[in-house]
Chemist: 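One structure, pasted below without further comment.
Each chain gets a letter, A, B and so on, in the order the sequences are listed, and its residues count up from 1.
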Amino acid sequence: MARARAVQGLPRPRRGVRGPACRHHRGAARPRPDATRPSRGHRGRSVRALGVPRARAVRRRGGAPPGHHLHGTHAPDPRAHGRRRAPRARRRALRSPLGAHRAAGLARLAAGLHAGLDGRAAHLRGARPRRPRACRRGAARAPRGARAATAGAPGGEPWVRPTIRPRRFAMTSAPTPHGTRATAVRTRFAPSPTGDPHVGNIRTALWAWLFARRSGGQFLLRLEDTDQSRAVPGSLARIEASLRWLGVDWDEGPDVGGPYAPYVQSERLEGYRAATDRLVAQGDAYPCFCTSERLDQLRKAQQAAKQPPGYDGLCASIPPAEAAQRAASEPHVVRFHMPDEGTTTFEDLLRGSITVENRLLDDFVILKSDGYPTYHLAHPVDDEAMQITHVIRGEEWLPSAPRHVRIFDALGYTRPVYVHNSVILGPDGGKLSKRHGARFVLEYAEDGYVPEALFNYLVGLGWSLDDHTEVIHPARMLEVFDITRLSVTPAVFDTQKLEWMNGVYLRDDALISPDRLVELFADRLDRDLPPEAPRPIDRELVRALVPLVRERIKTLAELPSMVDFFFTGAITPPARETLLGKPFRNDPEAARRGIEGARRFLAATSEWTPPAIEGALRAAAEELGQKPGDVFMLCRVGITGRAVTPPLFESMALIGRETCLARIDAARALLEG
RNA sequence: GGCGCAUUCGUCUAGUGGCCCAGGACACCGCCCUCUCAAGGCGGAGAUCACGGGUUCGAAUCCCGUAUGCGCUACCA
């Protein structure tokens, strides 16, 4: 029977409205006051899959002809009729009908008692953008109308207008005053080479990639290796491997190059130097000769005095000529000069307009004494140079975004659109840690997750398409991803849900093709099966195994121990207790009879197919006067060595008559001993 | 301490002033199906929308405050 599936693109009735397919329900339902309100369970636990074109989705469970509407194939459990209950909320409502309140209010409204509504309702007309969550910064916030009109930050770019962007993200950008910005979206993933990429970082990369690809733009990879002390050798390869495993590609990057090469920051030092020189010449930056000792003291003093910590601007007062002279010979850093007064405002696509007071931002370092830039400088310089239109990064950057924006402005660059996404938390609400499963992408590969499933899960952690779609194949994601629907609240990583999703991918042909599944299985078996299993792994056997085990595992890691007895000639004999099991615990003699009977009938079958085997075993049980299930279990344990296995008859058919009979003989010997 | 961001079932989320005393999913519980285990079907429990004020005929939704969590406060990114 085909499962009912909600496939994206189908019109989906809202609550209380059901398609014609539900007629049989409605017709049979008892007429009760709340009958118009279908139970929420009605839609059932069907997997909402989005991974495939509609027709395939309908057909894939083998049942319905293409013409059939999804719901039409949904054969309800007849027992469900007549005991349909109203949803929980509705039941409560029936107990205490508060709805009267609302009705009264509406009546008064209708009576025209409150004409003021018109004004308030005005903003409801027309399509409104997704409202940025953060709307509580009163002071610096312009009235809604004004904001929409000017949109850009003070001194910012008019084309950066996240707060009035239509909900379905339109990929247009207006020309800047200075010229025309490339229309194509360009995003980047810019990790620092400090080891394996964390799932949190990768999730951000996934979103950035999806966003770029979805809008026909480019995605690039850039290495942020400006802190030599933290660099971990081999990181870049791990980063690239993680992305590739998930199916993410990049148009430009350290390995493939591109028009803005190099894509490694340590190879772009001249650019930062030049930008710094310009800023110094303009008076926006200055060399600072303060020692780290002085800085430490300063910080301590400020802490003691309960003042906000930060550089006190001592070196800003050195006359430029003198500073330049000293800079030629003395070690120094370069600091960006932040104004002492006023505010800095920038727009975040998700959070709206954010304003901070300049006096709270100190003169931060942009160029370190070793000649490397800090992130604060490298980000504006490189993202301008590489024509990045949207900066998608973690929210830990939110507090320093005003600094970045000031550098963009000072250098005359075009500000990118900022998207600061939230973090991923561990199950305890703290940081994700090894205790609760993996942290690194490639660890999930080890653990037997398929990349499509991890991709799907990660993208959906903090993002949703709508109120009901969970399973969206990466290929489909490319068509439906909408970055404005990112959630800003931190999300807890739920390994159980990932496992579930992995299972969904494993057992659905439309999500993972049978051929690919065979490869996935074979690779895993080759890796994890004991050495005595012959190599190469028998692909045809694997192919035959797929339908037997795919719905019994959640990860590939569970596979080898579930099917090893298909591949090894001998099995480890079961314990006597296991063989007897509950039914024969006190009657080994009956067990022996059962096994012998089974053997006799099996040996006598003319063909060795699942139905024939089943028939033989049932016949044996009947002759012996034993329960079929008990005889089955005897065979199961005897042939496989364990009590939990894939379906018995199919398994026996694959194992072959000779091997099965031999193992049964061994089991019988066990009972006699 | 200061600043910033956030707060809807245990968890992920839907939600943009009336279709919501809140919908979906994972997990959990029960029943059905069944050769074990799964998968699947059906059902259930689970959120006074962090709290307190305010605006409004009407607030999860708008405003203010409080609490809590997280982040930043480096010559790290």
Chemist: How is A:Arg618 classified with respect to the nucleic acid when contacts are heavy atoms under 4.0 Å: base, sugar-phosphate, or nothing?
Modeler: sugar-phosphate
Chemist: When you measure from the centre of the six-membered ring of A:Phe336, is the NZ or CZ of A:Arg403 closer than 6.0 Å and no more than 45° off the axis?
Modeler: no
Chemist: Please pick, from B:C3, B:A25, B:U7, the nucleotide with the shortest atom-to-atom distance to any side-chain atom of A:Glu470.
Modeler: B:A25
Chemist: Under 6.0 Å between the ring centres of A:Tyr375 and A:Trp397?
Modeler: yes
Chemist: Report yes if a donor N or O on one partner sits less than 3.5 Å from an acceptor N or O on the other, where the partners are the side chain of A:Arg351 and the base of B:C5; otherwise report no.
Modeler: no
Chemist: Taking atom C1' in both B:G15 and B:A60, compute the distance separating them and give it to the nearest angstrom.
Modeler: 8 Å
Chemist: Rounding to an integer number of angstrom, what distance separates B:A25 and B:A39 when you compare their P atoms?
Modeler: 16 Å
Chemist: In whole angstrom, what separates A:Asn421's CG from B:C70's C1'?
Modeler: 14 Å
Chemist: Consider the side chain of A:Ile354, meaning its heavy atoms from C-beta on, and name the nucleotide among B:C35, B:C26, B:G4 that approaches it most closely.
Modeler: B:G4
Chemist: Scan for side-chain hydrogen bond (donor to acceptor under 3.5 Å, both in side chains) pairs involving residues 298-307 of chain A, sequence neighbours excluded, and state none if there are none.
Modeler: A:Asp296-A:Arg299
Chemist: Hunt down the Watson-Crick or G-U wobble partner of B:G10, both distances under 3.5 Å, from any strand shown, or write none.
Modeler: B:C26
Chemist: Side chains of A:Leu314 and A:Cys290: closer than 4.5 Å at any heavy-atom pair?
Modeler: yes
Chemist: My understanding is that only residues two or more places apart in sequence, or in another chain, count here; which of them pass ring-ring contact (aromatic ring centres under 6.0 Å, His included) with A:Phe493?
Modeler: A:Tyr444, A:Tyr457
Chemist: B:G15 P sits how many Å from A:Asp466 CG, rounded?
Modeler: 9 Å
Chemist: Once you apply a heavy-atom cut-off of 4.0 Å, does A:Gly462 come out as touching a base, just sugar-phosphate, or nothing?
Modeler: sugar-phosphate
Chemist: Which heavy atom in A:Pro647 sits nearest to a heavy atom in A:Leu548, and how many Å separate them?
Modeler: CD-O, 3.8 Å
Chemist: According to the Watson-Crick and G-U wobble definitions, with both distances under 3.5 Å, which nucleotide is paired to B:U34?
Modeler: none
Chemist: Across all strands shown, which nucleotide pairs with B:A39 by Watson-Crick or G-U wobble geometry, both distances under 3.5 Å?
Modeler: none
Chemist: Looking at B:G17, which nucleotide sits across from it as a Watson-Crick or G-U wobble partner, both distances under 3.5 angstrom, or is there none?
Modeler: none
Chemist: Could you say whether A:Gly629 or A:Phe493 is positioned toward the 5' end of RNA chain B, judged by the nucleotide with the nearest heavy atom to each?
Modeler: A:Phe493
Chemist: For B:G58, which nucleotide is its Watson-Crick or G-U wobble mate, given both distances must be under 3.5 Å?
Modeler: none
Chemist: Can you check the A:Arg642 CZ to B:A38 C1' distance for me, whole Å?
Modeler: 15 Å
Chemist: Just to be sure I understand the rule, does A:Leu648 reach a base, reach only the sugar-phosphate, or reach nothing, if contact means heavy atoms closer than 4.0 Å?
Modeler: base
Chemist: When the C1' atoms of B:G69 and B:C76 are considered, how many whole Å apart are they?
Modeler: 24 Å
Chemist: Between A:Asp467 (CG) and B:C20 (P), how many Å, whole number?
Modeler: 12 Å
Chemist: Salt bridge (Lys or Arg N to Asp or Glu O under 4.0 Å) with A:Asp428: which residues, sequence neighbours excluded?
Modeler: none
Chemist: Go ahead and name the base partner of B:A45; Watson-Crick or wobble counts if both distances stay under 3.5 Å, otherwise write none.
Modeler: none
Chemist: Looking only at atom P, what distance separates B:C63 and B:A27, rounded to whole Å?
Modeler: 37 Å
Chemist: Side-chain contact, heavy-atom cut-off 4.5 Å: A:Leu617 with A:Leu602?
Modeler: yes
Chemist: Under a 3.5 Å cut-off for both contacts, is B:U66 paired Watson-Crick or G-U wobble with anything, and if yes, with which nucleotide?
Modeler: B:A50
Chemist: Distance check needed: B:A25 P versus A:Trp463 CH2, whole Å only.
Modeler: 17 Å
Chemist: How far does the P atom of B:U48 sit from the matching atom of B:C9, given to the nearest Å?
Modeler: 8 Å
Chemist: Please confirm whether the ring centroid of A:Tyr372 lies under 6.0 Å from the ring centroid of A:Tyr272.
Modeler: no
Chemist: Is there any salt bridge (charged side-chain N to carboxylate O under 4.0 Å, His left out) pair reaching into residues 630-646 of chain A, and which pairs are they, with sequence neighbours excluded?
Modeler: A:Asp564-A:Arg642
Chemist: Could you check how far CG of A:Asp494 sits from P of B:G10, rounded to whole Å?
Modeler: 14 Å
Chemist: Determine the contact category for A:Ala491: base if any of its heavy atoms lies under 4.0 Å from a base atom, sugar-phosphate if only primed atoms, P, OP1 or OP2 are that close, otherwise nothing.
Modeler: sugar-phosphate
Chemist: What pairs of residues pass the salt bridge (charged side-chain N to carboxylate O under 4.0 Å, His left out) test when at least one of them lies in residues 490-505 of chain A, not counting sequence neighbours?
Modeler: A:Glu470-A:Lys497
Chemist: Would you tell me if any nitrogen or oxygen in the side chain of A:Lys497 comes within less than 4.0 Å of OP1 or OP2 on B:U13?
Modeler: no
Chemist: Remember a base hit wins even if backbone is also touched, and classify A:Gly503 as base, sugar-phosphate or nothing at under 4.0 Å, heavy atoms.
Modeler: nothing
Chemist: Taking only the P atom of each, what is the distance from B:G24 to B:A47 in whole angstrom?
Modeler: 15 Å
Chemist: For B:A14 and B:C19, measure between their C1' atoms and round to the nearest Å.
Modeler: 14 Å
Chemist: Quick one, give me the B/S/- string for nucleotides 72-77 of chain B, reading 5' to 3', where B means a protein heavy atom under 4.0 Å from the base and S means that only happens at the primed atoms, P, OP1 or OP2.
Modeler: SSSBBB
Chemist: Pick the nucleotide of RNA chain B nearest each of A:Leu498 and A:Arg203; which residue has the one closer to the 5' end?
Modeler: A:Arg203
Chemist: What's A:Pro427 touching, base or sugar-phosphate or nothing? Going by heavy atoms closer than 4.0 Å.
Modeler: nothing
Chemist: If we take the P atom in both B:C37 and B:G52, what is their distance in whole Å?
Modeler: 49 Å
Chemist: What integer distance in Å separates A:Arg636:CZ from B:C35:P?
Modeler: 10 Å
Chemist: Tell me the partner of B:G1, counting only Watson-Crick (N1-N3 plus N6-O4 or O6-N4) or G-U wobble (N1-O2 and O6-N3) with both under 3.5 Å; none if nothing fits.
Modeler: B:U73
Chemist: Report yes if a side-chain nitrogen or oxygen of A:Arg485 is closer than 4.0 Å to either non-bridging phosphate oxygen (OP1 or OP2) of B:G15; otherwise report no.
Modeler: yes
Chemist: Return the value, rounded to whole Å, for the distance between atom OH of A:Tyr457 and atom C1' of B:C12.
Modeler: 6 Å
Chemist: From C-beta outward on A:Val423, which listed nucleotide comes closest to its side chain: B:U7, B:C70, B:A25?
Modeler: B:C70
Chemist: Out of B:U11, B:A38, B:G2, which has the shortest distance to the side chain of A:Val492?
Modeler: B:U11
